[in-house]
Amino acid sequence: MRRMTVMAFVLALVGAACGKAASPGPAPTTAGADACAKQNLQLVNDGKLTIGTSNPAYPPYFVGGHTAGSPWKSNDPHTGKGFESAVAYAVANQLGFSKSEVAWVPSPFNQSYAPGPKNWDFNIQQISYSPQRAQAVDFSDSYYDQSEALVAVKGTPITKARTISDLKPYKLAAPIGTTSYDVITNVIKPTQEPRSYQSLADAVAALNARQVDGIIVDFPTALYIADPYVQQVKNSVVVGQFPPQANSEYFGMTFVKGNPLRDCVNKALAAMRADGTLQAITKEWLSKKTNVGEVPVFSTS
Amino acid sequence: MATPPDAPAPPDEFGGSRRSHLFRDLFRQEGTKGVAVAVVSTIVVFGVIVYVVTHSPNWPAVKHLFFNGKEFVSTFPEIASKFVRNIEYFLICEVVILAFALFLAVLRSLPGPVFFPLRLMAVVYTDVFRGIPTILVIYLLGFGVPALALKGVPSSATFWALVALILSYSAYVAEVYRAGIESIHPSQAAAARSLGLTRWKAMRFVVIPQAVRRVVPPLLNDFVALQKDTALVAFVVAVPEAFLQAQIFQQGDFNFTPLLCAALLFLMITIPLTRLVDYLLARQRRRRQAGSAL
(Lines give C-alpha, C1' and ligand atoms only; values in the text may rest on other atoms or scores of the structure.)
Protein backbone atom coordinates (compact mmCIF):
# COMPACT_ATOMS: atom_id res chain seq x y z
CA MET A 1 0.00 0.00 0.00
CA ARG A 2 2.72 2.36 1.03
CA ARG A 3 4.74 1.54 -2.07
CA MET A 4 1.71 2.34 -4.21
CA THR A 5 1.42 5.75 -2.61
CA VAL A 6 5.06 6.46 -3.28
CA MET A 7 4.70 5.34 -6.87
CA ALA A 8 1.69 7.57 -7.34
CA PHE A 9 3.61 10.45 -5.86
CA VAL A 10 6.58 9.88 -8.16
CA LEU A 11 4.26 9.63 -11.16
CA ALA A 12 2.56 12.84 -10.16
CA LEU A 13 5.94 14.54 -9.89
CA VAL A 14 7.04 13.32 -13.29
CA GLY A 15 3.72 14.41 -14.70
CA ALA A 16 4.12 17.84 -13.17
CA ALA A 17 7.65 18.13 -14.52
CA CYS A 18 6.53 17.10 -17.99
CA GLY A 19 3.66 19.53 -17.81
CA LYS A 20 6.07 22.28 -16.87
CA ALA A 21 8.39 21.48 -19.74
CA ALA A 22 5.52 21.36 -22.17
CA SER A 23 4.01 24.63 -21.06
CA PRO A 24 4.58 27.37 -23.61
CA GLY A 25 7.02 30.05 -22.51
CA PRO A 26 8.28 33.29 -24.02
CA ALA A 27 10.39 32.94 -27.15
CA PRO A 28 13.98 31.87 -26.41
CA THR A 29 16.71 34.43 -26.99
CA THR A 30 19.71 32.12 -26.88
CA ALA A 31 20.71 30.41 -30.09
CA GLY A 32 21.34 26.98 -28.57
CA ALA A 33 17.99 25.23 -28.55
CA ASP A 34 17.45 21.88 -26.81
CA ALA A 35 17.79 21.37 -23.06
CA CYS A 36 19.09 24.83 -22.27
CA ALA A 37 16.37 26.65 -24.16
CA LYS A 38 14.49 28.77 -21.69
CA GLN A 39 11.19 26.94 -22.14
CA ASN A 40 12.88 23.58 -21.54
CA LEU A 41 14.47 24.49 -18.23
CA GLN A 42 13.03 22.89 -15.13
CA LEU A 43 12.60 25.69 -12.68
CA VAL A 44 11.19 25.90 -9.16
CA ASN A 45 8.97 28.79 -10.26
CA ASP A 46 7.57 28.74 -13.79
CA GLY A 47 9.12 31.28 -16.11
CA LYS A 48 11.37 32.69 -13.42
CA LEU A 49 14.97 32.07 -12.52
CA THR A 50 15.03 31.92 -8.73
CA ILE A 51 18.38 32.45 -7.05
CA GLY A 52 19.27 31.93 -3.41
CA THR A 53 21.81 33.91 -1.43
CA SER A 54 22.38 34.80 2.20
CA ASN A 55 20.53 37.62 3.87
CA PRO A 56 22.06 40.01 4.76
CA ALA A 57 24.10 39.97 1.56
CA TYR A 58 27.49 41.57 1.91
CA PRO A 59 29.69 43.79 -0.22
CA PRO A 60 31.51 43.58 -2.54
CA TYR A 61 29.28 40.72 -3.69
CA PHE A 62 26.07 42.65 -3.16
CA VAL A 63 26.14 46.42 -2.83
CA GLY A 64 22.70 47.59 -3.91
CA GLY A 65 21.75 48.95 -0.51
CA HIS A 66 18.39 48.49 1.19
CA THR A 67 15.23 48.91 -0.85
CA ALA A 68 12.22 50.22 1.07
CA GLY A 69 9.79 47.40 1.88
CA SER A 70 12.11 44.61 0.78
CA PRO A 71 13.06 41.75 3.10
CA TRP A 72 16.72 42.15 2.13
CA LYS A 73 18.48 43.63 5.09
CA SER A 74 21.56 45.51 3.97
CA ASN A 75 21.84 44.95 0.24
CA ASP A 76 19.01 44.09 -2.14
CA PRO A 77 20.35 41.65 -4.78
CA HIS A 78 17.59 42.69 -7.23
CA THR A 79 19.56 45.84 -8.04
CA GLY A 80 22.19 43.95 -10.04
CA LYS A 81 24.88 45.83 -8.14
CA GLY A 82 27.78 44.01 -6.60
CA PHE A 83 29.89 41.20 -8.04
CA GLU A 84 27.67 38.18 -7.48
CA SER A 85 24.47 40.05 -8.28
CA ALA A 86 26.02 41.20 -11.58
CA VAL A 87 27.31 37.70 -12.40
CA ALA A 88 23.89 36.20 -11.66
CA TYR A 89 22.08 38.67 -13.92
CA ALA A 90 24.63 38.13 -16.69
CA VAL A 91 24.10 34.37 -16.46
CA ALA A 92 20.32 34.91 -16.46
CA ASN A 93 20.71 37.08 -19.54
CA GLN A 94 22.67 34.32 -21.29
CA LEU A 95 19.91 31.86 -20.42
CA GLY A 96 17.33 34.24 -21.88
CA PHE A 97 15.78 35.74 -18.76
CA SER A 98 15.05 39.45 -18.58
CA LYS A 99 15.93 41.29 -15.38
CA SER A 100 12.32 41.15 -14.16
CA GLU A 101 12.28 37.37 -14.63
CA VAL A 102 14.96 36.90 -12.00
CA ALA A 103 13.86 36.46 -8.40
CA TRP A 104 16.06 36.26 -5.28
CA VAL A 105 15.24 34.33 -2.15
CA PRO A 106 17.11 34.44 1.15
CA SER A 107 19.02 31.21 1.76
CA PRO A 108 21.37 30.79 4.71
CA PHE A 109 24.68 29.14 3.84
CA ASN A 110 23.88 25.94 5.76
CA GLN A 111 20.61 25.57 3.90
CA SER A 112 22.48 25.79 0.59
CA TYR A 113 23.80 22.25 0.93
CA ALA A 114 21.31 20.72 3.38
CA PRO A 115 19.30 17.87 1.90
CA GLY A 116 15.68 18.44 0.99
CA PRO A 117 13.71 20.45 -1.56
CA LYS A 118 14.91 23.94 -2.36
CA ASN A 119 13.04 27.10 -3.23
CA TRP A 120 15.82 28.27 -5.58
CA ASP A 121 17.28 27.10 -8.87
CA PHE A 122 20.83 27.86 -7.90
CA ASN A 123 22.63 29.36 -4.98
CA ILE A 124 25.37 31.96 -5.15
CA GLN A 125 27.13 33.09 -1.98
CA GLN A 126 30.92 32.81 -2.22
CA ILE A 127 30.84 29.05 -1.87
CA SER A 128 34.30 27.62 -2.50
CA TYR A 129 34.43 24.39 -4.41
CA SER A 130 35.80 21.37 -2.57
CA PRO A 131 35.54 17.69 -3.50
CA GLN A 132 33.86 17.00 -0.13
CA ARG A 133 31.23 19.65 -0.73
CA ALA A 134 30.71 18.39 -4.27
CA GLN A 135 29.42 15.16 -2.76
CA ALA A 136 26.47 17.05 -1.29
CA VAL A 137 25.71 19.53 -4.06
CA ASP A 138 26.61 20.08 -7.69
CA PHE A 139 28.94 22.99 -8.36
CA SER A 140 29.04 25.12 -11.47
CA ASP A 141 32.41 25.93 -13.00
CA SER A 142 34.30 28.81 -11.44
CA TYR A 143 32.86 32.29 -11.73
CA TYR A 144 35.67 33.66 -9.57
CA ASP A 145 39.17 32.35 -8.92
CA GLN A 146 40.21 33.44 -5.48
CA SER A 147 43.12 35.78 -5.45
CA GLU A 148 45.35 36.85 -2.61
CA ALA A 149 45.84 40.48 -1.69
CA LEU A 150 48.30 42.65 0.20
CA VAL A 151 47.14 44.79 3.13
CA ALA A 152 49.42 47.53 4.43
CA VAL A 153 49.25 50.83 6.27
CA LYS A 154 48.50 54.03 4.40
CA GLY A 155 51.55 56.14 3.66
CA THR A 156 54.16 53.40 4.20
CA PRO A 157 56.60 52.80 1.30
CA ILE A 158 55.16 49.40 0.44
CA THR A 159 51.87 50.98 -0.66
CA LYS A 160 53.68 52.35 -3.72
CA ALA A 161 54.44 48.85 -5.03
CA ARG A 162 52.85 48.10 -8.39
CA THR A 163 54.65 44.98 -9.53
CA ILE A 164 55.34 41.74 -7.70
CA SER A 165 59.09 42.38 -7.75
CA ASP A 166 58.50 45.77 -6.07
CA LEU A 167 57.50 43.75 -3.00
CA LYS A 168 60.75 41.83 -2.63
CA PRO A 169 62.55 44.06 -0.08
CA TYR A 170 59.71 44.16 2.48
CA LYS A 171 58.89 42.27 5.65
CA LEU A 172 55.84 40.26 4.64
CA ALA A 173 53.63 38.02 6.74
CA ALA A 174 50.79 35.56 6.36
CA PRO A 175 48.96 33.07 8.57
CA ILE A 176 50.68 29.69 8.74
CA GLY A 177 49.61 26.93 6.37
CA THR A 178 47.65 29.18 4.00
CA THR A 179 47.86 29.75 0.27
CA SER A 180 48.67 33.34 1.23
CA TYR A 181 51.93 32.14 2.79
CA ASP A 182 52.69 30.16 -0.35
CA VAL A 183 52.26 33.35 -2.39
CA ILE A 184 55.03 34.95 -0.32
CA THR A 185 57.45 32.06 -0.61
CA ASN A 186 56.63 30.95 -4.17
CA VAL A 187 55.55 34.08 -6.01
CA ILE A 188 57.14 37.09 -4.28
CA LYS A 189 60.27 35.37 -2.91
CA PRO A 190 61.19 38.30 -0.64
CA THR A 191 64.74 39.02 0.43
CA GLN A 192 63.75 39.12 4.13
CA GLU A 193 62.60 35.95 5.82
CA PRO A 194 58.79 35.87 5.66
CA ARG A 195 56.83 35.93 8.90
CA SER A 196 54.44 33.11 9.56
CA TYR A 197 51.78 33.81 12.20
CA GLN A 198 49.65 31.27 14.04
CA SER A 199 46.39 32.79 12.89
CA LEU A 200 44.85 35.56 10.85
CA ALA A 201 44.20 37.49 14.06
CA ASP A 202 47.90 37.32 14.92
CA ALA A 203 48.93 38.54 11.48
CA VAL A 204 46.51 41.45 11.81
CA ALA A 205 47.88 42.22 15.29
CA ALA A 206 51.41 42.20 13.88
CA LEU A 207 50.51 44.73 11.23
CA ASN A 208 48.81 46.82 13.91
CA ALA A 209 51.99 46.69 15.98
CA ARG A 210 54.03 47.58 12.86
CA GLN A 211 56.04 44.38 13.14
CA VAL A 212 55.67 43.78 9.42
CA ASP A 213 55.31 45.97 6.35
CA GLY A 214 52.35 44.10 4.94
CA ILE A 215 50.24 40.99 5.31
CA ILE A 216 49.00 38.72 2.54
CA VAL A 217 45.50 37.36 3.00
CA ASP A 218 42.81 36.15 0.65
CA PHE A 219 41.10 38.95 -1.19
CA PRO A 220 37.70 38.92 0.54
CA THR A 221 39.48 38.98 3.91
CA ALA A 222 41.61 41.90 2.74
CA LEU A 223 38.48 43.80 1.79
CA TYR A 224 37.10 43.16 5.24
CA ILE A 225 40.27 44.11 7.16
CA ALA A 226 40.60 47.40 5.31
CA ASP A 227 36.88 48.15 5.06
CA PRO A 228 36.34 51.81 5.99
CA TYR A 229 33.76 50.77 8.59
CA VAL A 230 35.80 47.91 9.99
CA GLN A 231 39.45 48.96 9.79
CA GLN A 232 40.80 46.02 11.74
CA VAL A 233 44.12 47.67 11.09
CA LYS A 234 43.93 51.42 11.50
CA ASN A 235 44.63 53.33 8.27
CA SER A 236 44.95 50.10 6.35
CA VAL A 237 44.67 49.86 2.60
CA VAL A 238 44.52 46.96 0.17
CA VAL A 239 47.61 47.72 -1.87
CA GLY A 240 46.85 45.24 -4.62
CA GLN A 241 45.79 41.74 -5.49
CA PHE A 242 47.82 38.94 -6.99
CA PRO A 243 46.84 37.20 -10.19
CA PRO A 244 45.07 33.93 -9.29
CA GLN A 245 47.39 30.96 -8.88
CA ALA A 246 47.02 27.73 -10.80
CA ASN A 247 45.62 25.87 -7.80
CA SER A 248 43.49 28.73 -6.47
CA GLU A 249 40.25 28.02 -4.73
CA TYR A 250 37.22 29.11 -6.69
CA PHE A 251 33.66 30.10 -6.10
CA GLY A 252 30.93 28.14 -7.83
CA MET A 253 27.16 28.35 -7.87
CA THR A 254 25.56 25.35 -6.21
CA PHE A 255 22.69 23.24 -7.49
CA VAL A 256 20.62 20.42 -6.08
CA LYS A 257 22.44 17.26 -7.09
CA GLY A 258 21.62 16.18 -10.63
CA ASN A 259 19.89 19.41 -11.65
CA PRO A 260 20.43 19.69 -15.46
CA LEU A 261 20.37 23.49 -15.11
CA ARG A 262 24.00 23.23 -13.93
CA ASP A 263 25.23 22.38 -17.42
CA CYS A 264 23.28 25.28 -18.91
CA VAL A 265 24.80 27.69 -16.39
CA ASN A 266 28.25 26.30 -17.22
CA LYS A 267 27.60 27.01 -20.91
CA ALA A 268 26.53 30.54 -20.01
CA LEU A 269 29.68 31.05 -17.90
CA ALA A 270 31.87 29.75 -20.73
CA ALA A 271 30.24 32.19 -23.13
CA MET A 272 30.71 35.05 -20.64
CA ARG A 273 34.38 34.15 -20.28
CA ALA A 274 34.83 33.95 -24.04
CA ASP A 275 33.33 37.36 -24.76
CA GLY A 276 34.94 39.05 -21.77
CA THR A 277 31.72 39.78 -19.86
CA LEU A 278 32.88 37.88 -16.77
CA GLN A 279 36.25 39.60 -16.74
CA ALA A 280 34.58 42.99 -17.10
CA ILE A 281 32.21 42.29 -14.21
CA THR A 282 35.10 41.06 -12.06
CA LYS A 283 37.11 44.16 -12.82
CA GLU A 284 34.19 46.49 -12.18
CA TRP A 285 33.12 45.07 -8.81
CA LEU A 286 36.24 43.39 -7.41
CA SER A 287 38.90 45.83 -8.56
CA LYS A 288 37.40 49.25 -9.30
CA LYS A 289 34.32 49.55 -7.11
CA THR A 290 35.26 47.63 -3.97
CA ASN A 291 34.37 48.98 -0.58
CA VAL A 292 38.01 50.04 -0.15
CA GLY A 293 38.26 51.81 -3.49
CA GLU A 294 40.23 50.60 -6.45
CA VAL A 295 42.41 47.55 -5.86
CA PRO A 296 44.81 47.06 -8.80
CA VAL A 297 46.21 43.69 -9.77
CA PHE A 298 50.00 43.48 -9.29
CA SER A 299 51.74 43.04 -12.60
CA THR A 300 54.06 40.07 -12.86
CA SER A 301 56.97 41.89 -14.51
CA MET B 1 86.26 6.46 51.39
CA ALA B 2 86.25 4.11 48.38
CA THR B 3 82.99 2.25 47.97
CA PRO B 4 83.23 -1.43 47.03
CA PRO B 5 81.61 -1.90 43.60
CA ASP B 6 78.86 -4.21 44.78
CA ALA B 7 78.02 -2.41 48.01
CA PRO B 8 74.65 -0.63 48.16
CA ALA B 9 74.73 3.06 47.33
CA PRO B 10 75.49 5.04 50.46
CA PRO B 11 72.45 6.45 52.20
CA ASP B 12 72.20 10.21 51.85
CA GLU B 13 71.76 12.66 54.71
CA PHE B 14 68.04 11.87 54.88
CA GLY B 15 68.67 8.16 55.24
CA GLY B 16 67.22 7.11 51.89
CA SER B 17 69.07 5.31 49.14
CA ARG B 18 69.68 7.37 46.01
CA ARG B 19 68.16 6.15 42.79
CA SER B 20 69.53 8.91 40.61
CA HIS B 21 72.09 6.68 38.88
CA LEU B 22 69.94 4.34 36.90
CA PHE B 23 72.55 1.95 35.56
CA ARG B 24 75.25 2.17 38.23
CA ASP B 25 72.78 1.52 41.03
CA LEU B 26 71.44 -1.48 39.22
CA PHE B 27 74.88 -3.08 39.03
CA ARG B 28 75.79 -2.16 42.59
CA GLN B 29 72.59 -3.20 44.26
CA GLU B 30 71.33 -6.18 42.31
CA GLY B 31 74.42 -8.03 41.18
CA THR B 32 74.81 -10.08 37.99
CA LYS B 33 71.61 -12.04 38.44
CA GLY B 34 69.67 -8.85 39.04
CA VAL B 35 71.10 -7.32 35.89
CA ALA B 36 70.03 -10.35 33.87
CA VAL B 37 66.49 -10.08 35.24
CA ALA B 38 66.43 -6.39 34.42
CA VAL B 39 67.56 -7.03 30.84
CA VAL B 40 64.90 -9.69 30.23
CA SER B 41 62.18 -7.59 31.87
CA THR B 42 63.15 -4.58 29.75
CA ILE B 43 63.09 -6.56 26.52
CA VAL B 44 59.68 -8.04 27.37
CA VAL B 45 58.09 -4.72 28.33
CA PHE B 46 59.38 -2.78 25.33
CA GLY B 47 58.75 -5.71 23.03
CA VAL B 48 55.09 -5.84 24.05
CA ILE B 49 54.69 -2.08 23.62
CA VAL B 50 56.30 -2.10 20.19
CA TYR B 51 54.28 -5.13 19.13
CA VAL B 52 50.95 -3.67 20.24
CA VAL B 53 51.63 -0.32 18.57
CA THR B 54 52.98 -1.66 15.28
CA HIS B 55 50.24 -4.27 14.97
CA SER B 56 47.37 -1.89 15.63
CA PRO B 57 44.98 -1.73 12.66
CA ASN B 58 45.92 1.79 11.62
CA TRP B 59 49.65 1.67 12.29
CA PRO B 60 50.72 2.21 8.64
CA ALA B 61 48.71 5.46 8.52
CA VAL B 62 50.10 6.62 11.86
CA LYS B 63 53.61 5.70 10.78
CA HIS B 64 53.18 7.64 7.57
CA LEU B 65 51.91 10.69 9.46
CA PHE B 66 54.31 10.77 12.41
CA PHE B 67 57.36 8.65 11.59
CA ASN B 68 57.86 9.30 7.92
CA GLY B 69 61.52 8.71 7.04
CA LYS B 70 61.38 10.58 3.75
CA GLU B 71 59.70 13.59 5.33
CA PHE B 72 62.23 13.48 8.18
CA VAL B 73 65.22 13.55 5.86
CA SER B 74 63.83 16.31 3.69
CA THR B 75 62.84 18.66 6.53
CA PHE B 76 65.41 18.03 9.26
CA PRO B 77 68.30 20.20 7.92
CA GLU B 78 66.11 23.29 7.54
CA ILE B 79 64.58 22.83 11.01
CA ALA B 80 68.00 22.22 12.55
CA SER B 81 69.34 25.41 10.99
CA LYS B 82 66.53 27.36 12.68
CA PHE B 83 67.31 25.76 16.06
CA VAL B 84 70.15 28.28 16.49
CA ARG B 85 67.45 30.84 17.24
CA ASN B 86 66.06 28.71 20.09
CA ILE B 87 69.51 28.41 21.63
CA GLU B 88 70.02 32.14 21.29
CA TYR B 89 66.69 32.96 22.96
CA PHE B 90 67.40 30.41 25.68
CA LEU B 91 70.88 31.69 26.54
CA ILE B 92 69.81 35.34 26.68
CA CYS B 93 66.82 34.53 28.90
CA GLU B 94 68.64 32.15 31.19
CA VAL B 95 71.34 34.62 32.20
CA VAL B 96 68.84 37.36 33.00
CA ILE B 97 66.42 35.02 34.78
CA LEU B 98 69.11 33.59 37.09
CA ALA B 99 70.02 37.08 38.30
CA PHE B 100 66.55 38.61 38.38
CA ALA B 101 64.92 35.66 40.14
CA LEU B 102 67.61 35.61 42.82
CA PHE B 103 66.98 39.30 43.36
CA LEU B 104 63.25 38.59 43.78
CA ALA B 105 63.91 35.74 46.20
CA VAL B 106 66.21 37.88 48.31
CA LEU B 107 63.61 40.66 48.34
CA ARG B 108 61.08 38.19 49.63
CA SER B 109 63.42 36.94 52.33
CA LEU B 110 64.26 40.38 53.69
CA PRO B 111 63.43 40.45 57.41
CA GLY B 112 61.79 43.20 59.43
CA PRO B 113 58.77 45.48 59.07
CA VAL B 114 60.62 48.14 57.04
CA PHE B 115 60.90 45.81 54.10
CA PHE B 116 57.27 44.76 54.16
CA PRO B 117 56.37 46.66 50.94
CA LEU B 118 59.28 45.01 49.08
CA ARG B 119 58.23 41.59 50.33
CA LEU B 120 54.67 42.35 49.31
CA MET B 121 55.80 43.36 45.83
CA ALA B 122 57.83 40.18 45.43
CA VAL B 123 54.88 38.05 46.57
CA VAL B 124 52.41 39.78 44.25
CA TYR B 125 54.87 39.50 41.37
CA THR B 126 55.41 35.78 41.74
CA ASP B 127 51.71 35.11 42.29
CA VAL B 128 50.67 37.05 39.20
CA PHE B 129 53.30 35.84 36.77
CA ARG B 130 53.11 32.24 37.89
CA GLY B 131 49.35 32.38 37.61
CA ILE B 132 48.93 33.65 34.08
CA PRO B 133 49.85 31.60 31.02
CA THR B 134 53.23 32.48 29.55
CA ILE B 135 51.73 32.71 26.08
CA LEU B 136 49.41 35.50 27.24
CA VAL B 137 52.33 37.51 28.61
CA ILE B 138 54.16 36.98 25.32
CA TYR B 139 51.19 38.18 23.26
CA LEU B 140 50.56 41.09 25.58
CA LEU B 141 54.11 42.38 25.45
CA GLY B 142 55.02 41.22 21.94
CA PHE B 143 52.04 42.76 20.20
CA GLY B 144 50.85 45.20 22.84
CA VAL B 145 53.93 47.23 23.66
CA PRO B 146 55.08 47.88 20.06
CA ALA B 147 51.48 48.82 19.18
CA LEU B 148 51.64 51.62 21.76
CA ALA B 149 54.22 53.29 19.49
CA LEU B 150 55.96 54.89 22.46
CA LYS B 151 59.03 56.96 21.66
CA GLY B 152 62.28 55.53 23.01
CA VAL B 153 60.77 52.14 23.82
CA PRO B 154 62.06 49.21 21.74
CA SER B 155 59.50 48.24 19.11
CA SER B 156 60.95 44.82 18.35
CA ALA B 157 58.58 41.95 19.04
CA THR B 158 61.59 39.71 19.68
CA PHE B 159 62.79 41.98 22.47
CA TRP B 160 59.40 42.04 24.18
CA ALA B 161 58.76 38.35 23.72
CA LEU B 162 62.06 37.62 25.48
CA VAL B 163 61.14 40.08 28.23
CA ALA B 164 57.87 38.19 28.64
CA LEU B 165 59.67 34.86 28.96
CA ILE B 166 62.04 36.38 31.51
CA LEU B 167 59.20 37.86 33.57
CA SER B 168 57.28 34.62 33.54
CA TYR B 169 60.13 32.27 34.31
CA SER B 170 61.67 34.55 36.92
CA ALA B 171 58.53 34.04 38.99
CA TYR B 172 59.02 30.27 38.97
CA VAL B 173 62.75 30.43 39.52
CA ALA B 174 62.36 32.95 42.37
CA GLU B 175 60.17 30.44 44.17
CA VAL B 176 62.80 27.77 43.68
CA TYR B 177 65.45 30.06 45.13
CA ARG B 178 63.18 30.96 48.02
CA ALA B 179 62.61 27.32 48.82
CA GLY B 180 66.40 26.92 48.83
CA ILE B 181 66.92 29.90 51.10
CA GLU B 182 64.25 28.71 53.52
CA SER B 183 65.75 25.23 53.59
CA ILE B 184 68.96 26.57 55.12
CA HIS B 185 68.62 26.16 58.86
CA PRO B 186 68.22 29.49 60.72
CA SER B 187 71.17 28.48 62.92
CA GLN B 188 73.42 29.07 59.90
CA ALA B 189 72.38 32.71 59.67
CA ALA B 190 72.49 33.03 63.46
CA ALA B 191 76.02 31.61 63.57
CA ALA B 192 77.11 33.99 60.82
CA ARG B 193 75.58 36.91 62.70
CA SER B 194 77.35 35.87 65.91
CA LEU B 195 80.63 35.95 63.99
CA GLY B 196 79.95 39.60 63.31
CA LEU B 197 78.62 39.39 59.75
CA THR B 198 75.89 41.83 58.87
CA ARG B 199 72.47 40.47 57.83
CA TRP B 200 73.33 41.15 54.21
CA LYS B 201 76.73 39.52 54.44
CA ALA B 202 75.27 36.48 56.20
CA MET B 203 72.81 36.18 53.33
CA ARG B 204 75.44 36.77 50.69
CA PHE B 205 78.23 34.55 52.01
CA VAL B 206 76.49 31.92 54.11
CA VAL B 207 72.86 31.37 53.14
CA ILE B 208 72.73 31.95 49.38
CA PRO B 209 75.74 29.80 48.44
CA GLN B 210 74.27 26.82 50.27
CA ALA B 211 70.75 27.53 49.05
CA VAL B 212 71.73 27.74 45.40
CA ARG B 213 73.62 24.48 45.59
CA ARG B 214 70.57 22.74 46.97
CA VAL B 215 68.21 23.97 44.28
CA VAL B 216 70.30 23.19 41.22
CA PRO B 217 68.13 20.19 40.17
CA PRO B 218 64.79 22.05 40.37
CA LEU B 219 66.45 25.02 38.63
CA LEU B 220 67.41 22.71 35.83
CA ASN B 221 63.79 21.59 35.61
CA ASP B 222 62.74 25.14 34.94
CA PHE B 223 65.43 25.60 32.34
CA VAL B 224 64.42 22.52 30.44
CA ALA B 225 60.91 23.98 30.39
CA LEU B 226 62.30 27.37 29.34
CA GLN B 227 64.24 25.76 26.53
CA LYS B 228 60.99 24.31 25.16
CA ASP B 229 59.05 27.51 25.67
CA THR B 230 61.46 29.46 23.47
CA ALA B 231 59.17 28.13 20.74
CA LEU B 232 56.47 30.48 22.05
CA VAL B 233 58.58 33.48 21.09
CA ALA B 234 57.85 32.68 17.45
CA PHE B 235 54.12 33.18 18.06
CA VAL B 236 54.64 36.94 18.08
CA VAL B 237 57.95 37.17 16.23
CA ALA B 238 56.82 34.81 13.45
CA VAL B 239 60.37 34.47 12.15
CA PRO B 240 60.72 30.70 12.12
CA GLU B 241 62.72 29.01 14.88
CA ALA B 242 62.84 25.21 14.97
CA PHE B 243 59.26 24.64 16.09
CA LEU B 244 57.63 27.18 13.81
CA GLN B 245 59.66 25.90 10.88
CA ALA B 246 58.43 22.42 11.77
CA GLN B 247 54.85 23.71 11.86
CA ILE B 248 55.29 25.34 8.47
CA PHE B 249 56.40 22.00 7.03
CA GLN B 250 53.67 20.19 8.94
CA GLN B 251 50.91 22.36 7.51
CA GLY B 252 52.41 22.43 4.04
CA ASP B 253 52.90 18.66 3.79
CA PHE B 254 50.05 17.51 6.06
CA ASN B 255 52.56 15.44 8.01
CA PHE B 256 53.58 15.56 11.65
CA THR B 257 57.08 14.17 11.22
CA PRO B 258 58.69 17.65 11.12
CA LEU B 259 57.46 18.18 14.71
CA LEU B 260 59.39 15.03 15.60
CA CYS B 261 62.51 16.65 14.09
CA ALA B 262 62.01 19.67 16.33
CA ALA B 263 61.44 17.43 19.36
CA LEU B 264 64.70 15.58 18.69
CA LEU B 265 66.59 18.86 18.54
CA PHE B 266 65.18 19.89 21.90
CA LEU B 267 66.09 16.50 23.36
CA MET B 268 69.63 16.83 22.04
CA ILE B 269 70.04 19.82 24.36
CA THR B 270 68.02 18.84 27.39
CA ILE B 271 69.21 15.26 27.89
CA PRO B 272 72.95 16.08 27.98
CA LEU B 273 72.12 19.06 30.18
CA THR B 274 70.35 16.82 32.67
CA ARG B 275 73.22 14.33 32.69
CA LEU B 276 75.72 17.15 33.17
CA VAL B 277 73.89 18.46 36.20
CA ASP B 278 73.59 14.93 37.61
CA TYR B 279 77.33 14.64 37.28
CA LEU B 280 78.01 18.01 38.87
CA LEU B 281 75.78 17.18 41.81
CA ALA B 282 77.42 13.82 42.30
CA ARG B 283 80.83 15.42 42.25
CA GLN B 284 79.72 18.01 44.74
CA ARG B 285 78.36 15.33 47.05
CA ARG B 286 81.59 13.37 46.84
CA ARG B 287 83.58 16.44 47.76
CA ARG B 288 81.31 17.25 50.68
CA GLN B 289 81.55 13.71 51.97
CA ALA B 290 85.31 13.70 51.52
CA GLY B 291 85.42 16.92 53.54
CA SER B 292 83.34 15.47 56.38
CA ALA B 293 85.59 12.41 56.58
CA LEU B 294 88.58 14.53 57.51
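Per chain, numbering begins at 1; letters A, B, ... match sequence-line order.
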* Engaged part of B:F254 at the chain A interface, taking heavy atoms whose separation is under 4.5 Å -> neither
* What residue, out of A:G177, A:S199, A:A203, A:P194, has the most heavy-atom pairs lying under 4.5 Å from chain B? -> A:G177
* Structure fact -> So NZ of A:K189 and OG1 of A:T191: to nearest 0.5 Å the spacing works out to 13.5 Å
* To do: Apply the ring-ring contact (aromatic ring centres under 6.0 Å, His included) test between A:Y144 and each candidate in A:F251, A:W285, A:Y250; give the one that qualifies.
  => A:F251
* Structure fact -> Okay, B:V236 and chain A: the region with an atom under 4.5 Å from a heavy atom over there is backbone
* Asked: So B:F143 and A:Y197, would you call those rings parallel, tilted or perpendicular, with 30° and 60° as cut-offs?
  -> tilted
* So A:F255 and A:F122, would you call those rings parallel, tilted or perpendicular, with 30° and 60° as cut-offs? -> tilted
* Asked: Which atoms of A:A173 come close to chain B, meaning under 4.5 Å heavy atom to heavy atom: side chain ones, backbone ones, both, or neither?
  -> neither
* What about B:F129 and B:Y169, are their ring centers closer than 6.0 Å? -> no
* **For chain A, the option from B:G142, B:A234, B:P146 that forms the most heavy-atom pairs under 4.5 Å** => B:P146
